[in-house]
Asks: 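Supplied in structure tokens, the structure appears directly below.
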Amino acid sequence: MENMQSLFYSLRFNFLYVDVYTFTRMWVYPTTVLPYGLLRYIFSGEADFWLDGRLIHVRPNQVVYLPEGATLDCKALTDDFKFMSIRFVTTVRLQSSDFLSDYFHVESLADDDARQVRGYFEAIYQAATTHSRGRMFRIRGNLELIIAWLAEQGEASQAPAVLETQPYSIKRTRRRAQSAAIRDPRIQAVEDYLADHPKDKLDLKLLCEIAQVSEPSLRRLFKLQTGKSPGHYLRELHMLTAARELLVSEKRISDIAYDLGYDDPNYFSRVFKSIIGLSPQDYRKVSRE
């Protein structure tokens with residue numbers, strides 16, 4: 001009992017990022033090992049998510065929980081697929097695959113029929129986009145309310161859990177190995193730097209200095225943690241930054257391209273379409289309709 005209370009006291013959910021995304025049926029999210037937990041609220045449209053190879057069909061007013069270390073693929077099925085996504089990490093980790101699902105029976109998918117939890121998501125987004133002194137407290141409080149709601153949904157349909165040694169499983173062992181690999185603090189420091197400088201050009205020398213590793217080691221460790229090369233990772237970050245600019249500003253597409261270091265707007269548009277699924281022009285038009 002004392003060990004259990006110690007776990008609860010040390011359990012924290014550290015918020016990382018939140019944003020709203022809108023995609024058409026052309027959007028595909030390639031296979032990725034998640035370096036953090038994800039909570040997604042589906043506003044409109046439908047999509048198929050593959051979580052560790054298991055198909056999850058999502059639709060409006062549903063909450064999706066995607067644990068850290070899981071393998072995720074996504075594909076939009078409609079032209080109005082819109083969701084809010086929250087990234088977070090959990091301070092408590094057990095030998096089992098995931099603390100929230102194994103002990104609290106948090107399911108991968110939950111229906112928000114009463115629209116109760118949607119307000120928590122929107123409160124986090126509102127707090128994250130302001131400069132209030134209390135913003136982090138509001139974010140953390142609402143994040144815990146979302147997780148509490150998910151735990152209560154699991155409680156309603158599951159028997160109480162017991163923390164114990166899990167039976168041997170090749171799949172479980174692989175996920176633990178993946179999770180351990182992606183938590184390399186050297187590569188996390190590189191990811192944090194790239195997230196804080198989303199418009200920078202790729203500077204491998206600087207990234208090697210941040211991680212304190214050689215370039216071959218950086219490439220190997222970065223691919224192990226993110227499933228992508230540093231260059232591919234930064235291109236995706238550039239395109240996500242561009243997508244946000246297309247939604248919230250009236251900047252010309254060529255100016256957005258130049259701001260991100262792309263001297264050729266046509267090349268920028270091709271890269272954008274290859275990652276987002278639409279041309280910049282079509283993305284701006286569809287997302288505002």
Side-chain angles (χ1 to χ4, degrees), residues 13 15-68 70-88 90 98 100-101 104-129 139 142-154 156-157 236 239-240 243-244 246-248 275-278 282-289:
F13 304 102
F15 168 82
L16 298 176
Y17 186 74
V18 62
D19 211 340
V20 177
Y21 302 93
T22 302
F23 297 108
T24 69
R25 69 177 67 243
M26 296 180 65
W27 175 67
V28 175
Y29 184 82
T31 303
T32 301
V33 178
L34 297 176
Y36 36 66
L38 284 176
L39 292 167
R40 289 180 171 176
Y41 193 96
I42 312 302
F43 291 129
S44 64
E46 298 184 18
D48 282 339
F49 290 4
W50 286 267
L51 182 61
D52 289 328
R54 177 168 59 93
L55 176 61
I56 301 173
H57 181 76
V58 303
R59 54 183 176 76
N61 303 312
Q62 289 185 320
V63 180
V64 188
Y65 168 58
L66 306 166
E68 178 182 353
T71 300
L72 177 67
D73 309 67
C74 304
K75 176 179 173 55
L77 301 176
T78 62
D79 286 330
D80 60 342
F81 185 53
K82 181 179 181 180
F83 62 91
M84 183 180 296
S85 184
I86 297 171
R87 303 177 191 175
F88 72 100
T90 307
D98 176 62
L100 290 178
S101 59
F104 290 102
H105 297 303
V106 169
E107 299 288 344
S108 303
L109 194 65
D111 293 311
D112 183 27
D113 295 326
R115 310 294 192 273
Q116 176 184 355
V117 78
R118 175 171 179 157
Y120 303 149
F121 275 85
E122 291 174 338
I124 289 176
Y125 184 80
Q126 182 178 4
T129 53
I139 289 172
N142 281 282
L143 176 58
E144 294 205 353
L145 286 171
I146 293 171
I147 294 171
W149 181 86
L150 288 169
E152 289 164 357
Q153 308 310 301
S157 58
E236 287 192 352
M239 296 307 113
L240 290 173
R244 183 167 180 80
L246 288 166
L247 292 181
V248 303
I275 292 175
I276 302 300
L278 291 171
D282 289 341
Y283 181 83
R284 173 174 268 170
K285 179 181 178 181
V286 169
S287 298
R288 292 184 173 183
E289 288 178 348

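In this text, all values refer to a predicted model and were calculated from it rather than measured experimentally. When reading the values below, keep in mind they use all heavy atoms of this one structure, side chains included, and skip hydrogens, waters and symmetry mates.
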Asks: What's the separation between atom CG in D73 and atom CD1 in I56, rounded to the nearest 0.5 Å?
Replies: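 Those atoms lie 11.0 Å apart.
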Asks: Do the side chains of I124 and I146 get nearer than 4.5 Å, heavy atoms only?
Replies: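 Side-chain contact under 4.5 Å: yes.
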Asks: Should L150 and L100 count as side-chain neighbours, where that means a heavy-atom distance under 4.5 Å?
Replies: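 They are not in contact (no side-chain heavy atoms under 4.5 Å apart), so the answer is no.
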Asks: Identify whether the distance between the nearest side-chain nitrogen and carboxylate oxygen of D111 and R59 falls below 4.0 Å.
Replies: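 Yes, charged N to carboxylate O under 4.0 Å.
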Asks: Has Q126 got more than 12 heavy atoms of other residues, nucleotides or ligands less than 6.0 Å from its CD?
Replies: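 Atom CD in Q126 is not packed in, count stays at 12 or less.
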Asks: Do M84 and V20 have side-chain heavy atoms sitting under 4.5 Å apart?
Replies: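 In short, these two side chains touch, coming nearer than 4.5 Å.
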Asks: Please evaluate residues I147 and F104 with respect to the criterion side chain to side chain contact (heavy atoms under 4.5 Å, CB included), reporting the C-alpha separation (whole Å), side-chain torsions for both, the decisive distance (0.1 Å), and the verdict.
Replies: CA-CA 10 Å; I147 294 171; F104 290 102; over 6 Å; no
Asks: Minimum heavy-atom separation for T24 and A76, please, with both atom names.
Replies: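 The answer is O-CB, 3.1 Å.
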Asks: Provide the closest heavy-atom pair for R118 versus N61 in the form atom of the first, atom of the second, distance.
Replies: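 Closest approach of R118 to N61, heavy atoms only: NH1-OD1, 4.1 Å.
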Asks: Within a strict 4.5 Å, meaning less than it, do heavy atoms of the R54 and L51 side chains meet?
Replies: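 They are in contact (side-chain heavy atoms under 4.5 Å apart), so the answer is yes.
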Asks: Please report the interatomic distance CD1(I139) to OH(Y125), rounded to the nearest 0.5 Å.
Replies: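 Between atom CD1 of I139 and atom OH of Y125 there are 12.0 Å.
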Asks: Do the non-hydrogen side-chain atoms of F121 and L39 ever get within less than 4.5 Å of each other?
Replies: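 Counting from C-beta outward, F121 and L39 do come under 4.5 Å.
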Asks: Please round to the nearest 0.5 Å and tell me the distance separating atom CG of D19 and atom CZ of R87.
Replies: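 Spacing of CG (D19) from CZ (R87) equals 8.5 Å.
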Asks: State which residue, out of F83, F81, F23, F49, fulfils the side-chain contact (heavy atoms from CB on, under 4.5 Å) condition with C74.
Replies: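 Among F83, F81, F23, F49, the one meeting side-chain contact (heavy atoms from CB on, under 4.5 Å) with C74 is F49.
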Asks: For F43, which residues count as a ring-ring contact (aromatic ring centres under 6.0 Å, His included) partner, sequence neighbours excluded?
Replies: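 Counting only residues at least two positions away or on another chain, F43 forms a ring-ring contact (aromatic ring centres under 6.0 Å, His included) with Y41.
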Asks: When you measure from the side chain of D79 to the backbone N and O of R25, does any donor-acceptor pair fall under 3.5 Å?
Replies: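 Side chain of D79 to backbone of R25: a pair is present.
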Asks: Quick one: closest heavy-atom pair of R115 and D113, and the distance?
Replies: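 The pair with the smallest heavy-atom distance is NH1-O, 3.0 Å.
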Asks: Working to the nearest 0.5 Å, report the span between OH of Y21 and NZ of K82.
Replies: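 That separation rounds to 13.5 Å.
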Asks: Using only atom types and a distance under 3.5 Å, with no angle test, would you say the side chain of D112 pairs donor to acceptor with the backbone of V117?
Replies: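 Yes: the side chain of D112 pairs with the backbone of V117.
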Asks: Which value, rounded to the nearest 0.5 Å, describes the distance between L72 atom CG and W50 atom CH2?
Replies: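 Spacing of CG (L72) from CH2 (W50) equals 10.0 Å.
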Asks: Answer yes or no: is there a side-chain heavy-atom contact under 4.5 Å between L38 and S85?
Replies: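 Sidechains of S85 and L38: in contact.
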Asks: Closest heavy-atom contact between A128 and V18?
Replies: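 That closest heavy-atom pairing would be CB-CG1, 3.5 Å.
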Asks: What pair of heavy atoms forms the shortest contact from S44 to P60, and how long is it?
Replies: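 What the structure gives for the nearest pair is CA-CG, 3.9 Å.
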Asks: Considering non-hydrogen atoms only, spot the tightest contact between H57 and Q62 and give its length.
Replies: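 The answer is O-OE1, 3.8 Å.
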Asks: With rounding to the nearest 0.5 angstrom, report the OH to CG distance, Y120 to N142.
Replies: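 Result: 8.0 Å between the selected atoms.
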Asks: Looking at L246, is its backbone amide N or carbonyl O close enough to the side chain of R284 to form a donor-acceptor pair, meaning the two atoms are under 3.5 Å apart?
Replies: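 Flag set: sc R284 to bb L246 pair under 3.5 Å.
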